Amino acid sequence: MILSITDNLKKVRESVAKAAVRSGRRSDDIKIVAVSKTHPTSYIKEAYDLGIKTFAENRVQEAAAKIPLLPPDIEWHLVGHLQTNKTKTAAENFSVIQSIDSIKLVTKLELDSAELDKKIDVLIQLDLAGEETKFGIPQEEFYGLCDYLLERCPHLNLTGLMCLPPYFTDTEKVRPYFVSLRKYFDEFNNKYSKKIKELSMGMSNDYEVAIEEGATIVRIGTAIFGDRNH
Ligand SMILES: *Cc1c(COP(=O)(O)O)cnc(C)c1O
């Protein structure tokens with residue numbers, strides 16, 4: 001099948017709107033973040049011309065090579081695991097880091113952001129499945145990380161939570177993970193005077209379920225850009 005980013009994006013926008021209506025929400029309250037990892041800058045430019053202004057990458061080096069070639073008003077999100085030796089490059093290139101998963105990481109990222117005199121929006125990635133292959137902070141360490149971020153990291157602005165559940169072909173099996181992330185979100189907003197507003201959950205396969213459970217950000221790669229194995 002021939003790739004048409006135009007057709008794909010049209011379908012995604014329609015499905016987002018339908019899922020929003022189904023759950024009594026406004027489609028404007030759900031942000032489509034186009035995950036462009038492995039794809040060429042020509043694809044990104046095409047989606048940009050169709051009105052997508054927020055893109056995500058999962059590797060710092062790949063993103064740092066692509067970002068300077070693209071329009072400067074794009075908002076770049078990092079969604080992949082961030083190693084402490086890459087925090088400086090990450091702080092230089094991204095305005096939002098969704099994959100915050102340890103105190104060690106935010107300590108380093110805070111120092112680099114301070115040095116760049118830059119404030120970065122961050123989301124905490126929660127490990128809800130406890131799988132060895134997945135990243136994210138273990139649930140029992142979540143509030144420790146929240147306290148640390150709020151008290152010790154003036155250059156990091158906590159705006160929300162993210163999760164990357166295991167893959168299921170039956171998307172109903174993913175729903176409990178989204179419900180669980182939503183619970184942490186509500187609990188956070190009850191516990192702290194600082195409020196968060198973003199729930200980043202749902203990918204190509206399951207974003208409609210995620211929207212039904214309250215997602216404000218959906219991270220969509222394949223459904224917009226096609227398969228990643230060019
Ligand atoms: C690749 C990736 C996505 C997008 O996945 P698709 O299934 O292609 O939509 C979303 N989130 C993260 C963290 C990813 O690494």
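Given the structure is predicted, the values throughout are model-derived calculations rather than measurements.
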Let me check something: do [X] and [Y] share a hydrophobic cluster, defined by ILVMFWY side-chain heavy atoms less than 4.5 Å apart, either directly or through other members?
{"X": "I67", "Y": "Y48", "result": "yes"}
{"X": "V16", "Y": "L9", "result": "yes"}
{"X": "L69", "Y": "I74", "result": "no"}
{"X": "L156", "Y": "L111", "result": "no"}

Atom of [X], atom of [Y] and distance for their closest heavy-atom approach:
{"X": "S204", "Y": "I220", "result": "OG-CG2, 3.5 Å"}
{"X": "T54", "Y": "K31", "result": "OG1-CE, 3.1 Å"}
{"X": "E213", "Y": "M201", "result": "O-CE, 3.4 Å"}
{"X": "L3", "Y": "G226", "result": "CD1-N, 3.9 Å"}
{"X": "S200", "Y": "L181", "result": "O-CD2, 4.2 Å"}
{"X": "S36", "Y": "E57", "result": "OG-OE2, 2.7 Å"}

Just by modelled atom types, is the [Y] backbone N or O under 3.5 Å from a matching donor or acceptor in the [X] side chain?
{"X": "N58", "Y": "G80", "answer": "no"}
{"X": "D112", "Y": "A114", "answer": "no"}
{"X": "R228", "Y": "K37", "answer": "no"}
{"X": "K86", "Y": "Q61", "answer": "no"}
{"X": "N205", "Y": "F168", "answer": "yes"}
{"X": "S180", "Y": "P176", "answer": "no"}

Regarding [X] and [Y], is there a side-chain donor-to-acceptor distance under 3.5 Å anywhere?
{"X": "N93", "Y": "K66", "result": "no"}
{"X": "Q125", "Y": "S99", "result": "no"}
{"X": "T159", "Y": "D121", "result": "no"}
{"X": "H81", "Y": "Q83", "result": "no"}
{"X": "T84", "Y": "K108", "result": "no"}

* So, E14 and K11, do they make that salt bridge, N to O below 4.0 Å? -> no
Are more than 12 heavy atoms, taken from residues, nucleotides or ligands other than [X], located less than 6.0 Å from that residue's [atom1] atom?
{"X": "K18", "atom1": "NZ", "answer": "no"}
{"X": "D117", "atom1": "CG", "answer": "no"}
{"X": "K183", "atom1": "NZ", "answer": "no"}
{"X": "K194", "atom1": "NZ", "answer": "yes"}
{"X": "R152", "atom1": "CZ", "answer": "no"}
{"X": "K119", "atom1": "NZ", "answer": "yes"}
{"X": "R59", "atom1": "CZ", "answer": "no"}

Do the side chains of [Y] and [X] get nearer than 4.5 Å, heavy atoms only?
{"X": "I196", "Y": "I124", "value": "no"}
{"X": "F188", "Y": "L161", "value": "no"}
{"X": "K197", "Y": "T216", "value": "no"}
{"X": "P71", "Y": "K45", "value": "yes"}
{"X": "Y207", "Y": "I30", "value": "no"}

* **Residue that, paired with I5, satisfies side chain to side chain contact (heavy atoms under 4.5 Å, CB included) out of L50, I44, D49** => L50
Please round to the nearest 0.5 Å and tell me the distance separating atom [atom1] of [X] and atom [atom2] of [Y].
{"X": "Y148", "Y": "L158", "atom1": "OH", "atom2": "CG", "value": "14.5 Å"}
{"X": "I120", "Y": "E110", "atom1": "CD1", "atom2": "CD", "value": "9.0 Å"}
{"X": "K88", "Y": "L116", "atom1": "NZ", "atom2": "CG", "value": "6.0 Å"}

* **Stepwise side chain to side chain contact (heavy atoms under 4.5 Å, CB included) check, V79 with V33** => CA-CA 10 Å; V79 294; V33 174; 5.7 Å; no
* Asked: After noting the C-alpha distance and the side-chain angles of V122 and N157, does the key distance pass the side chain to side chain contact (heavy atoms under 4.5 Å, CB included) rule?
  -> CA-CA 6 Å; V122 297; N157 177 34; over 6 Å; no
* To do: Kindly indicate, with the supporting measurements, whether the criterion side chain to side chain donor-acceptor pair (under 3.5 Å) is fulfilled by S23 and E212.
  => CA-CA 5 Å; S23 40; E212 288 166 13; over 6 Å; no
* **Chi angles and distances behind the side chain to side chain contact (heavy atoms under 4.5 Å, CB included) call for E208, R22** => CA-CA 10 Å; E208 294 168 66; R22 260 203 314 277; 3.8 Å; yes
* Asked: Who else is in the cluster with M203 when I, L, V, M, F, W and Y are joined by side-chain contacts under 4.5 Å?
  -> L164
* Does Y167 sit in a hydrophobic cluster with other residues, and if so which ones, taking ILVMFWY side chains as linked at heavy-atom separations under 4.5 Å, directly or through other members? -> none
Cut-off 3.5 Å, no hydrogens considered: what does the side-chain donor-acceptor table look like for residues 137-147, sequence neighbours left out?
residue : atom : partner : partner atom : Å
Q139    : OE1  : Y184    : OH           : 2.7
Y143    : OH   : E187    : OE1          : 2.6
D147    : OD1  : Y192    : OH           : 2.6

* Asked: For Q98 and I217, what are the C-alpha separation, side-chain angles and deciding distance, and is it a side chain to side chain contact (heavy atoms under 4.5 Å, CB included)?
  -> CA-CA 11 Å; Q98 295 200 13; I217 293 176; 4.0 Å; yes
* Asked: What is the ring orientation for F55 with W76, classed by angle as parallel under 30°, tilted 30 to 60°, or perpendicular over 60°?
  -> tilted
